[in-house]
Every structure is written in structure tokens, then in C-alpha cells.
Amino acid sequence: MPLQALRSVAKSQNGVGAFILQCKRLDFHYCDWAGSSKGMKCAPLMNAFARQNPQIEITISPRPRKHPVIRGTYINGREKAVCVRNMEKEQVLEKANLLRDASGEKLRKVTKPVKSLNESVRGIWDPFHGSEWKI
Amino acid sequence: MRRIIQFQRSIDLLLDASAPGTLCTTCQLRAASLQRRQFSSSTSRHATAETFLQSLEKRLTGKNPQSQFAELKKVRGEAKKELSEEEYEAFTREIDEAQEAPTPEPNFLDRDAANNPNYKPATTWAGLSRVGSEEWLERRRDKGPPYKGWLGGKTRGVRADHMQAIVRHTVVEALALQQAGRDVLEICDQPRGLPDLQRMALSASIRVEGSGKKVNLVYAVPEDQERLLDLPAATAPKDIVEAVFETTEQHVDLANGASTDVIEDELPTKPTDQGKRDEMPDAKDVWLNISLDDLSLRFAIIKRLMQITGRRIPDNVTNDSSRVSILLGALMTKPKPKRLNQDLRARNQLTQVSNVELSAKRVTPIDKEKKVGRWKVIEEELLRRGLPVTGHRDI
């Protein structure tokens, strides 16, 4: 019988070969009247951000009588929104960068910071090897 | 604890005192509520035939308006003796128009059955007056004194060279009035549409001495001074603005080398004309140093400029404009756009970036569906089912 290949799903390793940015769209919403939108209403800031990130679709539209919001849409279909009310333009830029760098996954508490596909180097513990336990 | 008004307290006491002991609580309460409804502490007002304005006038002046008609009759008689026929006709026409007294409203007290023994209640509504409609209310409403705004209303985008010419000729006209000892605010009442007035103002040279407080006007032609001061009657602000704009643009375009047939004969001709037409005869920036410390002059010039350009000059600019140059600088700076969308489009930066989409209005869910192309299908299905496409069925 000829050798049959193992049927397995391809393991995604974004960045090993090509890198695909997870954030596909950023919506900037502001209010012309409210004072909380002052930090977002900075034309040079938006211009610079849009030019630095040509791979992201950016929309700028008013959302009257509401606080300013940046809403990011990701490849996995999820959305993340950050309210930037009463922030300065530098802080708004920080939040925009945060959303751009995020994936669409939910925010989780990280207990084990290292994830690896490789097997453990020294093997998984078993009671039959190693120091003896005597009663 | 509920706050009890003083008179309510006294009513309660009164009712408590007068309530007989034999009545049950329910009957006492019913009687108390009936009495409370009848009691009113406000002053009684009777229906009068006077409108609010008439009663106010009577109270303020202490005069009966009917006596004023008698006085006018006297004046008419005197005018007839002194004026010619045509003048008297014009005079009486003006008085008649002003004296159209409103027809007094009927006194409804006369129709009261208690006062009128011949009163019979109507069986049909023929001949009865209707009350309570929107038009009836509108007729009775006190609209207050009639007010005509002096600001043109329409804001115009003015070119920098036009703005300079407008400011200059306004300053010249104001100075001409000031030097003639007349009220400077008269420039705001006058139409400046006549081309020769513009020409006279633009061709006058300004000599400024000292720190800009002493100014001399030297006219190209000596008769210009009289003609500039002999100002025609006032017209509507709209006419002033339209006319000024047309003639100013023509003058400035001619100075810049454009050709116009209309105004060819009315160009200012300087004695030392060196080939350039309509050039400001004085040095370039002399008129900019004119001092505006005289507040009456400053206000008159600012008001006139607001009339012509349609732009409101803010109070801080008015306060800081101690020189013509400061005022001109404030007028030359474009006002900041009110909406971010307008600002972004005016800067023309984001419109050129391909990954950016600007929207002037709120993006609704319908807009998102339309973009994807799903809206047509949704709308069709909603209509097929008889459901409202937007909003609710009952609203």
C-alpha cells in the first residue's frame, strides 16, 4: 500500500511567511457639536494615519449627539469599538494604533505567555521516571 | 412633606371651621373640593375691545389715541394752506397710510344674555362669528414692533483684492463724512451701487500724518467731495450689497487688466496717469495705517463692511481693530469651517487618499446595506409583506 499522507488542518502561522493584517477597516465617528470630539477632529492626524496605513479601509463620518468612537472590523468578522471621548489627539492616535494592531479575538487573561507547537524538550512528566517516592 | 401654598392653608382652615360636625367625611371632602375650585386668588380680567398694544400705549402715554386723530386733522388743515397741491396730496397719502387704524373688535360683553334684554339664542350658525381657528389666533397675536435687520443675510466669498478695494472705499466715504462734520453712520444707509461714487472714493488719495490719527483726503476732481457727500436715499440692504459687489469687481478687474465695456467711460482719470488705470493714487499701504481709535468711525466702517460682505465681524475683532490693517487682516482670513467634513474637503488632503471615505451625514444601517447591495432585496421583501420600509407602521 502506498504511503498515505496524514490528513490534518494547516496550522496558521501568520507572519512566518506572509503577514496578513487582521484589522481590515477602521470607522472614525465624531460629533460636530460636542466638545468630547475635539481630540478626534484633527485633520492632519487623520491624514497621517491614513497614509501610513494604506492597507486599512478608513471611513470618517459624523455621529451626531454621541461621543466619538473608533470602531475596528477584523478578518474573523468581529468588531471592536473604543470610545475616545475627551481625549487629546495623541491619545486618539494611540487608540487607533491599538485597534490596528489587535486581532479580532476576544480579550483574554493571559496566564501562559508562551505558546508553542513544538513538543516539550525534556518530555512530559510521568511518575515512573525521576526521583523515587518512598513511604 | 408637600409644600402648601399660603392661600391654600387659609382655605383649609376656613373649610375646617365652617364644616358642620353632622356631615360625614366624604360629604365634607366633596364640599371642600367644590369650594376650592371656586376660589381664585388671581385678579379678575374682563374682555376688552383694545388690543394689547393699544392698552400699552394708553398706559405709557396716558393719552387716548382718538385725541391724536383730532390733532392730525389740525395739522392737515395747516399743511393744506402752506403746501402746493402735489405736495399736499403726497402728504395726505402718507398720513392716511400711517393712520389706518385697526377696526375695533366687538365688545363681547354686549352680547351677554344678562345685559341684553332682546337677546335670543341662535338656532343656526349663519351670521355668527367663528372663533378659535389658526387664522383667528394669528390675527389676535401681538407680533411686537416691526423690525428690519440691517445685515444683508447672504455671505459672499470675496477675493483678497476685492476685499481691499471694498475696505478702502468704505474708509474714504466714512472719512469724507467725518471731515464734513456729518454723522459717520450715514454710510450704512446709502446705496453704493452708482459707479461714479465708487470711482470717486477709489480715486481720492489719502494722506496720513503722525500715528494715523490725522487723515487728509485729496480728491482727483474737486467736485467729487460734494458729490460724495450728496448721498441718495436709502434702499433695501439687498440692493446695496448687490450693487456694491458688481461695481467693485469691475473696478478691481480693470485695475488688474481685464476689460469691461460697461464702465469704460467712467474710469477715474488721474492727472499723472502713467498707463495703469484705476490705481490707488496714494502709496500702497498708507491707508492701512489709518487709526480707528474714534469708536464712531470704527463702528460705522465695521457695520458698512458687514452689510457689504454679509460676514459677521466678531466682537473681539471689533475691539482689537485700532487700525485699518488689523480690520482688513481679520476680513481676509477665511472663517474656519463649522463641520469637520467641510474642513477635510477644503484641505483636499484626505480626498486624494484612496483608502479613505468621507461622509457628510451619519452612516445608517440602510446606507451599509445599500453599499453591499442588499438593500434592494430587503426593500422588495418588506413591500411584498406589507411592512413599513422605514419607521413603524402606526407612526
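Each chain gets a letter, A, B and so on, in the order the sequences are listed, and its residues count up from 1.
Inspection of the A:Ser61 and A:His29 side chains reveals an N or O donor paired with an N or O acceptor under 3.5 Å. With 3.5 Å as the limit, one finds a donor-acceptor pair spanning the side chains of A:Arg100 and A:Asn53. In this structure, a donor-acceptor pair under 3.5 Å is present between the side chains of B:Asn348 and B:Thr351.
Both the backbone and the side chain of B:Arg339 have a heavy atom closer than 4.5 Å to some heavy atom of chain A. Contacts between B:Leu358 and chain A at a heavy-atom distance below 4.5 Å involve backbone atoms as well as side-chain atoms. Neither the backbone nor the side chain of A:Phe28 comes within contact range of chain B, judged by heavy atoms closer than 4.5 Å.
Scanning all heavy atoms of the two residues, the minimum distance from A:Val82 to A:Lys95 falls at CG1-CD, 3.8 Å.
Among A:Asn47, A:Asp27, A:Leu26, the residue with the largest count of heavy-atom pairs under 4.5 Å with chain B is A:Asn47.
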